[in-house]
Chemist: 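If you scroll down you'll find the structure; I have some questions about it.
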Amino acid sequence: MDKKLINKGIRSDGRKLDEIRPMIIKAGVIDRADGSAYVEFGTTKVIVGVYGPKKVHPRHMENSQKAILKFRYNMIPFSVYDRKRPGYDKRSVEIAKVVADAFENAIFLEEFPKSAIEVDMEIIQADAGTRVAAITAASVALADAGIPMKGLVSSVAAGRVEGNIALDLTKDEEDVSDAIDLPVAMIPRTGEITLLQMDGDATVEEIEQIVKMAEKGCKDIEKVQIAALLEKYTTKGTN
Ligand code: ADP
């Protein structure tokens with residue numbers, strides 16, 4: 001029989017079921033971009049740069065009523081154990097689309113008609129949860145770029161591992177047979193859920209518990225996002 005990853009509510013990395021991996025969030029890490037952020041959820045590492053609002057190219061893509069969002073998600077070749085072929089694939093295009101949807105209702109897009117906001121998300125190291133780490137970083141990078149939003153978007157996945165409901169799954173946990181993983185994004189300030197994905201089978205009761213756990217995780221993440229922004233802006237203001 002396979003070695004169990006969860007024993008008496010403690011996971012193989014020592015975490016409790018409702019704990020997020022050690023988290024690092026930094027705002028304003030790149031000088032060239034208008035806004036940027038770096039996020040680590042355990043060994044998942046993501047960097048995001050934001051450009052804009054800027055002119056739309058090609059022009060026929062512009063919207064006279066609001067800004068358009070151009071999100072890109074990319075896993076760099078050395079982000080995974082077997083070198084990944086560089087470039088975008090079907091998965092990266094799909095993730096960019098769902099991540100953009102998670103921000104569509106958070107950003108005040110009408111304030112910037114005929115403009116584009118470009119968000120480049122680079123996965124430096126992947127150990128599950130890359131899209132939620134990317135959303136968390138994108139939100140801080142957008143705030144760092146001064147893009148007005150209803151509130152920060154915070155994101156984490158929760159799921160089921162060996163029959164336990166658990167927060168922020170690692171790749172090893174995700175790979176257990178019968179595991180399910182639900183990435184959730186929300187605007188803690190308004191309580192709106194802006195992304196909810198799922199693959200695998202779960203009961204309604206399990207889904208309710210998973211979403212509740214992810215919501216609590218998002219609220220914890222928002223505090224760290226705010227602290228990162230405060231750290232950048234308070235230190236800059238003093239010299
Ligand atoms: P997420 O990273 O948002 O959880 P997935 O569920 O698609 O998205 O992927 C889970 C994990 O599987 C990734 O974080 C990564 O560790 C691994 N993975 C995904 N795509 C690849 C790939 N092309 N090569 C190697 N590992 C991958």
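Indexing begins at 1, ligand by ligand and atom by atom, following the structure's order.
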Chemist: Considering heavy atoms of the protein only, find what lies nearest to atom 2 (O) of ligand 1 and give residue, atom and distance to 0.1 Å.
Modeler: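 For this ligand atom, the closest protein heavy atom is T130 OG1, 2.5 Å.
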Chemist: Which bit of D127 gets closer than 4.0 Å to ligand 1, counting heavy atoms only: side chain, backbone, both or neither?
Modeler: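 The part of D127 near ligand 1 is the backbone, not the side chain.
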Chemist: Which residue from M75, K171, K84 reaches closest to atom 12 (O) of ligand 1 through any of its heavy atoms?
Modeler: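 Among M75, K171, K84, the closest heavy atom to atom 12 (O) of ligand 1 belongs to K171.
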Chemist: For ligand 1, note which part of V80 has a heavy atom under 4.0 Å away: side chain, backbone, both or neither.
Modeler: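 The answer is the side chain of V80.
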Chemist: For atom 16 (O) of ligand 1, what's the nearest protein heavy atom and its distance?
Modeler: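 Scanning the protein heavy atoms, the shortest distance from atom 16 (O) of ligand 1 goes to A128 N, 3.4 Å.
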Chemist: How far is atom 15 (C) of ligand 1 from its nearest protein heavy atom, and which residue and atom is that?
Modeler: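 For atom 15 (C) of ligand 1, the nearest protein heavy atom is A126 CB, 3.6 Å.
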Chemist: Quick one: does K150's side chain get under 4.5 Å of R189's, heavy atoms only?
Modeler: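 Heavy-atom side-chain distance check fails, nothing below 4.5 Å.
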Chemist: Could you find the nearest protein heavy atom to atom 7 (O) of ligand 1 and give me its residue, atom name and distance?
Modeler: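 Ranked first by proximity to atom 7 (O) of ligand 1 is R91 NE, 2.8 Å.
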Chemist: Does a donor on one side chain and an acceptor on the other come within less than 3.5 Å for E192 and T190?
Modeler: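 Distance-only check passes for E192 and T190.
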Chemist: Looking only at side-chain N and O atoms, does Q197 offer a donor or acceptor that is under 3.5 Å from a partner on R131?
Modeler: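 Present: a donor and an acceptor within the cut-off.
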Chemist: Between the side chains of D120 and Y51, is a donor N or O closer than 3.5 angstrom to an acceptor N or O?
Modeler: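 Result is no, nothing qualifies.
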Chemist: Do Y73 and ligand 1 have an N or O pair less than 3.5 Å apart?
Modeler: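 Not met; the criterion fails.
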Chemist: Answer yes if the side chains of S154 and Q225 hold a donor-acceptor pair under 3.5 Å, and no otherwise.
Modeler: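 There is such a pair between these side chains.
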Chemist: Check each of G129, S92, A157 against atom 4 (O) of ligand 1 and report the one with the nearest heavy atom.
Modeler: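 Among G129, S92, A157, the closest heavy atom to atom 4 (O) of ligand 1 belongs to G129.
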Chemist: Atom OG in S115, atom CG in L69: separation rounded to 0.5 Å?
Modeler: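 S115 atom OG to L69 atom CG measures 11.0 Å (nearest 0.5 Å).
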Chemist: At what distance is the nearest protein heavy atom to atom 6 (O) of ligand 1, and which residue and atom is it?
Modeler: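 Ranked first by proximity to atom 6 (O) of ligand 1 is E174 OE1, 3.7 Å.
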Chemist: Pair Y88, Y73 - check ring-ring contact (aromatic ring centres under 6.0 Å, His included), show working.
Modeler: CA-CA 8 Å; Y88 300 102; Y73 167 102; 8.9 Å; no
